[in-house]
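See below for the structure under consideration.
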Amino acid sequence: MIVIKTMEEIMKMKKAGEILAACHKEIAKLIKPGITTMEIDAFAEKFIREHGATPEQKGYHGYPYATCASVNDVICHGFPSKEMVLKDGDIVTIDMVVNLNGWLADSAWSYAVGELEPQAKRLLDVTKESLYKGIEQAVIGNRIGDISSAIQKYAEAEGFSVVRDFVGHGIGSKMHEEPQVPHYGPAGRGTRLKEGMVLTIEPMLNIGKYHAKIDADGWTARTVDGSLSAQYEHTLAITSDGPLLITDQS
(Lines give C-alpha, C1' and ligand atoms only; values in the text may rest on other atoms or scores of the structure.)
Protein backbone atom coordinates (compact mmCIF):
# COMPACT_ATOMS: atom_id res chain seq x y z
CA MET A 1 0.00 0.00 0.00
CA ILE A 2 1.26 3.47 -0.89
CA VAL A 3 1.09 5.87 2.05
CA ILE A 4 0.21 9.43 0.98
CA LYS A 5 1.73 12.08 3.24
CA THR A 6 0.24 15.40 4.26
CA MET A 7 2.32 18.52 3.76
CA GLU A 8 2.78 18.65 7.55
CA GLU A 9 4.25 15.14 7.49
CA ILE A 10 6.46 16.01 4.51
CA MET A 11 7.81 18.99 6.43
CA LYS A 12 8.66 16.68 9.36
CA MET A 13 10.59 14.50 6.92
CA LYS A 14 12.25 17.65 5.56
CA LYS A 15 13.60 18.39 9.05
CA ALA A 16 15.16 14.92 9.14
CA GLY A 17 16.50 15.57 5.64
CA GLU A 18 18.13 18.81 6.73
CA ILE A 19 20.11 16.95 9.40
CA LEU A 20 21.11 14.28 6.90
CA ALA A 21 22.16 16.82 4.27
CA ALA A 22 24.20 18.77 6.81
CA CYS A 23 25.92 15.55 7.86
CA HIS A 24 26.85 14.76 4.26
CA LYS A 25 28.30 18.25 3.83
CA GLU A 26 30.48 17.72 6.89
CA ILE A 27 31.53 14.25 5.70
CA ALA A 28 32.66 15.81 2.41
CA LYS A 29 35.20 17.82 4.42
CA LEU A 30 36.53 14.68 6.13
CA ILE A 31 37.11 12.57 3.02
CA LYS A 32 40.84 12.31 2.33
CA PRO A 33 43.49 9.63 1.98
CA GLY A 34 44.24 7.98 5.34
CA ILE A 35 40.78 8.16 6.93
CA THR A 36 38.97 4.89 7.63
CA THR A 37 35.35 4.19 6.83
CA MET A 38 34.80 3.38 10.52
CA GLU A 39 35.96 6.89 11.45
CA ILE A 40 33.41 8.28 8.99
CA ASP A 41 30.70 6.08 10.49
CA ALA A 42 31.53 7.22 14.03
CA PHE A 43 31.45 10.85 12.96
CA ALA A 44 28.06 10.42 11.23
CA GLU A 45 26.47 8.69 14.22
CA LYS A 46 27.74 11.36 16.61
CA PHE A 47 26.54 14.15 14.31
CA ILE A 48 23.07 12.64 13.90
CA ARG A 49 22.59 12.05 17.63
CA GLU A 50 23.89 15.51 18.56
CA HIS A 51 21.17 16.96 16.35
CA GLY A 52 18.43 15.12 18.24
CA ALA A 53 17.93 12.34 15.70
CA THR A 54 18.88 8.66 15.45
CA PRO A 55 20.58 6.61 12.70
CA GLU A 56 17.74 4.40 11.44
CA GLN A 57 20.02 1.88 9.73
CA LYS A 58 21.69 0.82 12.98
CA GLY A 59 19.92 -2.36 14.08
CA TYR A 60 17.79 -2.61 10.93
CA HIS A 61 17.50 -6.38 10.34
CA GLY A 62 20.62 -6.68 12.46
CA TYR A 63 22.73 -4.18 10.50
CA PRO A 64 25.37 -3.01 13.01
CA TYR A 65 26.37 0.46 11.78
CA ALA A 66 24.96 3.97 11.37
CA THR A 67 26.04 4.16 7.73
CA CYS A 68 26.82 2.00 4.76
CA ALA A 69 30.31 2.69 3.42
CA SER A 70 30.87 1.26 -0.06
CA VAL A 71 34.34 1.55 -1.60
CA ASN A 72 35.28 1.15 -5.28
CA ASP A 73 33.71 -2.12 -6.55
CA VAL A 74 31.18 -2.24 -3.68
CA ILE A 75 27.82 -1.19 -5.08
CA CYS A 76 26.02 -0.71 -1.77
CA HIS A 77 25.61 -1.93 1.83
CA GLY A 78 29.34 -2.02 2.55
CA PHE A 79 30.31 -2.36 6.22
CA PRO A 80 32.39 0.44 7.75
CA SER A 81 35.75 -0.93 8.89
CA LYS A 82 38.82 0.15 10.85
CA GLU A 83 40.85 -1.74 8.25
CA MET A 84 39.35 0.10 5.26
CA VAL A 85 41.79 2.99 4.94
CA LEU A 86 40.85 5.22 2.04
CA LYS A 87 43.58 6.00 -0.45
CA ASP A 88 44.10 8.44 -3.29
CA GLY A 89 41.92 7.55 -6.26
CA ASP A 90 39.25 5.65 -4.30
CA ILE A 91 35.50 6.18 -4.57
CA VAL A 92 33.50 5.87 -1.33
CA THR A 93 29.71 6.01 -1.10
CA ILE A 94 28.20 6.90 2.28
CA ASP A 95 24.53 5.98 2.69
CA MET A 96 22.48 6.82 5.77
CA VAL A 97 18.92 7.14 7.02
CA VAL A 98 18.01 9.71 9.66
CA ASN A 99 15.04 9.30 12.02
CA LEU A 100 13.78 12.52 13.57
CA ASN A 101 10.73 12.10 15.81
CA GLY A 102 9.57 9.06 13.84
CA TRP A 103 9.99 10.50 10.34
CA LEU A 104 12.76 9.40 8.01
CA ALA A 105 15.05 10.76 5.31
CA ASP A 106 17.46 8.67 3.22
CA SER A 107 20.41 9.81 1.09
CA ALA A 108 23.59 8.27 -0.32
CA TRP A 109 26.45 10.28 -1.79
CA SER A 110 29.59 9.18 -3.61
CA TYR A 111 32.85 10.95 -2.80
CA ALA A 112 36.19 11.15 -4.57
CA VAL A 113 39.18 10.42 -2.37
CA GLY A 114 42.01 12.64 -3.57
CA GLU A 115 42.45 12.67 -7.35
CA LEU A 116 40.42 10.25 -9.47
CA GLU A 117 41.30 8.70 -12.81
CA PRO A 118 39.30 10.38 -15.62
CA GLN A 119 36.93 7.42 -16.10
CA ALA A 120 36.21 7.25 -12.36
CA LYS A 121 35.45 10.98 -12.29
CA ARG A 122 33.11 10.55 -15.26
CA LEU A 123 31.35 7.76 -13.38
CA LEU A 124 30.62 10.11 -10.48
CA ASP A 125 29.48 12.92 -12.76
CA VAL A 126 27.18 10.73 -14.83
CA THR A 127 25.72 8.93 -11.81
CA LYS A 128 24.86 12.22 -10.13
CA GLU A 129 23.37 13.63 -13.33
CA SER A 130 21.32 10.45 -13.82
CA LEU A 131 19.77 11.04 -10.39
CA TYR A 132 18.65 14.50 -11.44
CA LYS A 133 17.37 13.18 -14.79
CA GLY A 134 15.13 10.88 -12.76
CA ILE A 135 14.05 13.63 -10.38
CA GLU A 136 12.94 15.77 -13.35
CA GLN A 137 10.35 13.09 -14.13
CA ALA A 138 9.00 12.92 -10.55
CA VAL A 139 5.91 15.03 -11.20
CA ILE A 140 2.20 14.50 -10.70
CA GLY A 141 0.69 12.41 -13.52
CA ASN A 142 3.92 10.73 -14.62
CA ARG A 143 4.61 7.09 -13.87
CA ILE A 144 7.45 5.38 -12.01
CA GLY A 145 8.64 4.07 -15.37
CA ASP A 146 9.24 7.62 -16.57
CA ILE A 147 11.81 8.05 -13.78
CA SER A 148 13.35 4.65 -14.52
CA SER A 149 13.61 5.23 -18.26
CA ALA A 150 15.15 8.69 -17.97
CA ILE A 151 17.92 7.32 -15.74
CA GLN A 152 18.66 4.29 -17.90
CA LYS A 153 18.67 6.15 -21.20
CA TYR A 154 21.05 8.80 -19.95
CA ALA A 155 23.41 6.42 -18.13
CA GLU A 156 23.69 3.92 -20.96
CA ALA A 157 24.16 6.64 -23.56
CA GLU A 158 27.16 7.76 -21.49
CA GLY A 159 28.58 4.23 -21.52
CA PHE A 160 27.73 3.04 -18.01
CA SER A 161 25.52 0.19 -16.79
CA VAL A 162 22.60 0.54 -14.37
CA VAL A 163 22.38 -1.87 -11.43
CA ARG A 164 19.15 -3.91 -11.48
CA ASP A 165 19.30 -5.66 -8.10
CA PHE A 166 18.64 -2.60 -5.92
CA VAL A 167 15.91 0.01 -6.34
CA GLY A 168 14.51 3.17 -4.83
CA HIS A 169 11.39 3.02 -2.70
CA GLY A 170 8.68 4.84 -0.86
CA ILE A 171 9.63 6.15 2.58
CA GLY A 172 7.94 7.86 5.51
CA SER A 173 7.67 6.54 9.05
CA LYS A 174 9.16 3.28 7.70
CA MET A 175 12.39 2.97 5.76
CA HIS A 176 10.92 0.90 2.94
CA GLU A 177 7.39 1.53 1.71
CA GLU A 178 5.64 1.06 -1.61
CA PRO A 179 6.20 1.74 -4.45
CA GLN A 180 9.53 0.37 -5.63
CA VAL A 181 11.44 2.70 -7.95
CA PRO A 182 13.68 0.81 -10.42
CA HIS A 183 16.38 2.77 -12.25
CA TYR A 184 15.84 0.98 -15.55
CA GLY A 185 12.89 0.02 -17.72
CA PRO A 186 10.40 1.49 -20.18
CA ALA A 187 8.64 4.83 -19.76
CA GLY A 188 4.89 5.01 -19.32
CA ARG A 189 4.61 2.03 -17.00
CA GLY A 190 4.24 1.48 -13.27
CA THR A 191 2.48 3.41 -10.55
CA ARG A 192 1.16 6.85 -11.46
CA LEU A 193 2.68 9.60 -9.32
CA LYS A 194 0.31 11.48 -7.02
CA GLU A 195 0.69 14.48 -4.75
CA GLY A 196 1.89 13.43 -1.29
CA MET A 197 3.93 10.44 -2.39
CA VAL A 198 7.48 10.42 -0.96
CA LEU A 199 10.18 8.40 -2.74
CA THR A 200 13.86 7.73 -2.85
CA ILE A 201 15.58 7.76 -6.22
CA GLU A 202 19.04 6.20 -5.90
CA PRO A 203 20.71 5.08 -9.14
CA MET A 204 23.79 2.87 -8.88
CA LEU A 205 25.98 2.89 -12.00
CA ASN A 206 28.92 0.66 -12.86
CA ILE A 207 31.80 1.09 -15.29
CA GLY A 208 31.48 -2.59 -16.22
CA LYS A 209 28.58 -5.04 -16.11
CA TYR A 210 25.49 -4.23 -14.07
CA HIS A 211 25.40 -7.59 -12.24
CA ALA A 212 25.95 -7.78 -8.48
CA LYS A 213 27.18 -10.45 -6.07
CA ILE A 214 26.81 -10.55 -2.27
CA ASP A 215 29.71 -11.13 0.13
CA ALA A 216 29.65 -13.76 2.86
CA ASP A 217 28.46 -11.13 5.38
CA GLY A 218 25.07 -11.22 3.65
CA TRP A 219 25.05 -7.44 3.07
CA THR A 220 27.95 -6.18 0.97
CA ALA A 221 27.05 -6.05 -2.74
CA ARG A 222 29.88 -5.90 -5.29
CA THR A 223 30.21 -5.69 -9.05
CA VAL A 224 30.75 -9.17 -10.51
CA ASP A 225 33.68 -7.98 -12.63
CA GLY A 226 35.44 -5.82 -10.04
CA SER A 227 34.60 -2.60 -11.87
CA LEU A 228 33.97 0.68 -10.07
CA SER A 229 30.48 1.62 -8.91
CA ALA A 230 28.89 4.87 -7.71
CA GLN A 231 25.55 5.91 -6.23
CA TYR A 232 23.69 9.13 -5.53
CA GLU A 233 20.35 9.23 -3.72
CA HIS A 234 17.79 11.80 -2.69
CA THR A 235 14.50 11.53 -0.83
CA LEU A 236 11.83 13.66 -2.50
CA ALA A 237 8.14 14.44 -2.24
CA ILE A 238 5.71 14.70 -5.15
CA THR A 239 4.01 18.10 -4.84
CA SER A 240 1.87 20.39 -6.96
CA ASP A 241 4.96 22.60 -7.37
CA GLY A 242 7.12 19.73 -8.64
CA PRO A 243 9.54 17.46 -6.79
CA LEU A 244 10.53 18.73 -3.33
CA LEU A 245 14.02 17.51 -2.37
CA ILE A 246 13.84 16.46 1.26
CA THR A 247 17.61 15.78 1.40
CA ASP A 248 18.74 18.79 -0.63
CA GLN A 249 22.34 19.78 0.15
CA SER A 250 22.27 23.24 -1.47
Side-chain angles (χ1 to χ4, degrees), residues 13-58 65-100 104-135 160 168 200-207 228-236 244-250:
M13 296 181 71
K14 187 74 165 63
K15 291 292 184 184
E18 288 169 2
I19 294 170
L20 199 165
C23 188
H24 267 306
K25 290 166 82 170
E26 291 303 313
I27 287 171
K29 301 173 186 177
L30 295 177
I31 301 288
K32 61 183 178 181
I35 195 170
T36 70
T37 52
M38 187 64 83
E39 287 174 306
I40 297 169
D41 183 79
F43 172 85
E45 180 166 3
K46 184 171 184 286
F47 185 97
I48 291 166
R49 293 191 186 280
E50 285 180 346
H51 285 78
T54 55
E56 184 71 7
Q57 281 166 250
K58 193 166 189 176
Y65 305 105
T67 68
C68 296
S70 304
V71 180
N72 293 335
D73 66 323
V74 177
I75 297 169
C76 60
H77 303 157
F79 280 17
S81 169
K82 294 177 182 177
E83 284 71 48
M84 180 54 71
V85 181
L86 298 179
K87 63 184 186 301
D88 192 63
D90 283 344
I91 292 171
V92 58
T93 300
I94 304 298
D95 186 7
M96 51 189 158
V97 183
V98 168
N99 182 329
L100 181 65
L104 308 182
D106 185 359
S107 178
W109 218 249
S110 287
Y111 297 96
V113 183
E115 292 296 320
L116 297 186
E117 294 289 334
Q119 184 73 335
K121 185 178 185 307
R122 275 198 70 241
L123 173 66
L124 294 192
D125 292 342
V126 171
T127 307
K128 185 188 289 186
E129 183 62 21
S130 74
L131 168 62
Y132 289 103
K133 294 287 187 187
I135 290 170
F160 297 102
T200 72
I201 302 176
E202 46 185 293
M204 289 151 264
L205 271 55
N206 300 339
I207 286 179
L228 294 175
S229 186
Q231 178 190 16
Y232 288 89
E233 173 190 16
H234 272 311
T235 300
L236 59 111
L244 172 65
L245 292 186
I246 284 171
T247 50
D248 187 19
Q249 292 187 34
S250 62

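Heavy atoms only: backbone and side chains are in, while hydrogens, waters and symmetry mates are out. None of these values were measured; they are calculated from a predicted model.
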Enumerate, atom names and distances included, each donor-acceptor pair closer than 3.5 Å involving a side-chain atom of residues 66-74, sequence neighbours excluded.
residue : atom : partner : partner atom : Å
Thr67   : OG1  : Asp41   : OD1          : 2.8
Ser70   : OG   : His77   : N            : 3.4
Ser70   : OG   : Gly78   : N            : 3.2
Asn72   : OD1  : Ile91   : N            : 2.9
Asn72   : ND2  : Asp90   : OD1          : 2.9
Asp73   : OD1  : Arg222  : NH1          : 3.1
Asp73   : OD2  : Arg222  : NH1          : 3.4

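- In this structure, Trp109 and His234 have tilted ring planes: the angle between them lies in the 30° to 60° band.
- The shortest non-hydrogen separation linking Leu104 to Met13 is O-CE, 3.0 Å.
- Shortest non-hydrogen contact noted between Thr235 and Thr200 is OG1-CG2, 3.7 Å.
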Open item on the list: Phe79 vs Met84, test: side chain to side chain contact (heavy atoms under 4.5 Å, CB included). Steps then yes/no.
Closed with: CA-CA 9 Å; Phe79 280 17; Met84 180 54 71; over 6 Å; no
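- The two residues Glu202 and Asp106 have their closest heavy-atom pair at OE2-OD2, 4.4 Å.
- Residue Lys58 holds its NZ atom at 9.5 Å from OH of Tyr65, rounded to the nearest 0.5 Å.
- Pairing each heavy atom of Ala16 with each of Val98, the nearest pair is O-CG1, 3.8 Å.
- Remark: Lys82 pairs with no residue by the side chain to side chain donor-acceptor pair (under 3.5 Å) rule, at least two apart or across chains.
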Open item on the list: Between His24 and Phe47, does the side chain to side chain contact (heavy atoms under 4.5 Å, CB included) criterion hold? Intermediate values first, please.
Closed with: CA-CA 10 Å; His24 267 306; Phe47 185 97; over 6 Å; no
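- The heavy-atom pair separating Asn206 from Ser229 by the smallest distance is OD1-OG, 2.7 Å.
- Taking the side chain as every heavy atom from C-beta outward, Ile207 and Phe160 approach each other to under 4.5 Å.
- Put simply, CD1 on Ile94 and CD on Gln231 are 11.0 Å apart, with the number rounded to the nearest 0.5 Å.
- Residues Asp125 and Glu129 form no side-chain contact, since every pair of their non-hydrogen atoms from C-beta on lies 4.5 Å or further apart.
- Counting all heavy atoms, side chain and backbone alike, Leu124 lies closest to Ser110 at CD2-CB, 3.6 Å.
- Side-chain contact between Phe43 and Glu39 is absent, with no heavy-atom pair separated by less than 4.5 Å.
- You'll find the side chain of Leu205 reaches within 4.5 Å of the side chain of Ser130, heavy atoms only.
- Atom CG of Leu20 is separated from atom NZ of Lys15 by 15.0 Å, given to the nearest 0.5 angstrom.
- In this structure, CD1 in Ile75 is found 11.5 Å from CG in Leu228, a value given to the nearest 0.5 Å.
- Atom CD1 in Ile35 sits 5.0 Å away from atom CG in Leu30 (nearest 0.5 Å).
- Taking the side chain to side chain donor-acceptor pair (under 3.5 Å) definition, one finds that Glu83 meets it with Ser81, sequence neighbours left out.
- Remark: Thr247 OG1 to Glu233 CD distance equals 7.0 Å, nearest 0.5 Å.
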